[in-house]
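Count residues from 1 along the sequence.
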Amino acid sequence: EVQLVESGGGLVQAGGSLRLSCAASRSIFDDDTIGWFRQVPGKEREGVSCIMPRDGSTYYPDSVKGRFTISSDSAKNTVYLDMDNLRPEDTAVYYCAADQFWRIACGRSSQTPDHWGQGTQVTVSA
């Protein structure tokens with residue numbers, strides 16, 4: 001079992017940057033993959049990044065590649081999502097999630113991750 005707490009959301013103008021943090025209640029540097037997802041009401045939830053902290057493997061879909069960067073800090077049991085060149089279409093509630101299976105945590109499976117944070121709102125104004 002792991003608890004995840006997101007922070008760092010807010011309001012930013014298009015072209016701006018935000019850093020989201022996902023703090024875990026225990027070490028995530030064994031078998032976990034941590035993913036960031038986003039959801040807009042009425043739309044399907046989208047995986048936007050994931051990382052396996054143990055070896056640093058990452059994944060980004062085309063929609064955010066080159067603009068979002070995921071990283072992890074073992075000392076703080078925290079995963080970060082740096083979002084640059086934000087667009088209005090990035091507006092959503094962002095969630096971090098943890099799972100032992102890469103495809104699930106990266107949003108590349110029909111299954112959903114086992115553990116979720118409470119979400120943080122990101123709003124990008126035009």
Side-chain angles (χ1 to χ4, degrees):
E1 183 73 23
V2 59
Q3 281 74 49
L4 304 171
V5 178
E6 302 98 333
S7 60
L11 173 65
V12 64
Q13 288 188 327
S17 300
L18 279 176
R19 166 175 265 202
L20 304 183
S21 299
C22 174
S25 60
R26 60 155 175 78
S27 175
I28 53 173
F29 286 81
D30 293 325
D31 297 323
D32 299 283
T33 295
I34 308 298
W36 284 97
F37 292 76
R38 65 187 180 188
Q39 187 152 32
V40 176
K43 290 191 176 181
E44 198 170 309
R45 182 171 53 208
E46 177 188 13
V48 296
S49 186
C50 61
I51 186 169
M52 181 178 284
R54 181 181 62 191
D55 65 9
S57 299
T58 60
Y59 164 76
Y60 305 93
D62 289 343
S63 58
V64 305
K65 197 175 291 183
R67 301 189 299 122
F68 289 12
T69 304
I70 193 169
S71 61
S72 60
D73 184 332
S74 60
K76 297 181 179 179
N77 290 332
T78 298
V79 170
Y80 303 99
L81 185 67
D82 288 299
M83 306 185 294
D84 298 317
N85 192 20
L86 283 161
R87 304 166 180 168
E89 54 264 39
D90 294 317
T91 296
V93 178
Y94 283 71
Y95 300 88
C96 68
D99 199 274
Q100 290 192 338
F101 294 98
W102 170 265
R103 289 184 62 85
I104 295 173
C106 294
R108 296 174 62 77
S109 169
S110 59
Q111 294 180 266
T112 58
D114 288 334
H115 309 287
W116 291 87
Q118 81 287 355
T120 186
Q121 176 70 46
V122 171
T123 302
V124 184
S125 62

(request) Please answer whether the main-chain N or O of Gly119 pairs with a side-chain N or O of Glu6 as donor and acceptor at a distance below 3.5 Å. (result) yes

(message) Keeping Thr91 on the side-chain end and Val124 on the backbone end, is there a donor-acceptor pair under 3.5 Å?
(response) yes

(request) State whether the side chain of Arg103 and the backbone N or O of Ser109 hold a donor-acceptor pair below 3.5 Å, judged by distance alone. (result) no

(message) For a quick test of reading the model, state the closest non-hydrogen atom pair linking Ala24 to Val2 and the distance between them.
(response) CB-CG2, 4.0 Å

(message) So does Asp114 get a backbone contact from the side chain of Asp99, meaning a donor-acceptor N/O pair under 3.5 Å?
(response) yes

(message) For Lys65 and Asp62: C-alpha separation, side-chain torsions, deciding distance, then whether salt bridge (charged side-chain N to carboxylate O under 4.0 Å, His left out) applies.
(response) CA-CA 5 Å; Lys65 197 175 291 183; Asp62 289 343; 3.4 Å; yes

(request) Using only heavy-atom distances, determine whether the side chains of Tyr59 and Arg108 contain a donor-acceptor pair under 3.5 Å. (result) yes

(request) Give me the one residue out of Leu20, Val64, Thr58 that meets side-chain contact (heavy atoms from CB on, under 4.5 Å) with Ile70. (result) Thr58

(message) Quick check: closest heavy atoms across Tyr95 and Gly117, and the distance to 0.1 Å?
(response) CD2-O, 3.7 Å

(message) Parallel, tilted or perpendicular, judged at 30° and 60°: which one describes the rings of Phe68 and Tyr94?
(response) tilted

(message) Just verifying a value: how many Å separate Gln118 CD and Gln3 CD, rounded to the nearest 0.5 Å?
(response) 11.5 Å

(message) Looking at every heavy atom in both Met52 and Asp32, which two are closest together, and how far apart are they?
(response) CG-O, 3.8 Å

(message) Using 0.5 Å steps for rounding, measure from the CG atom of Asp55 to the OG1 atom of Thr33.
(response) 8.0 Å

(request) Measure across Ile34 and Ala98 and return the closest heavy-atom pair with its distance rounded to 0.1 Å. (result) CD1-CB, 3.6 Å

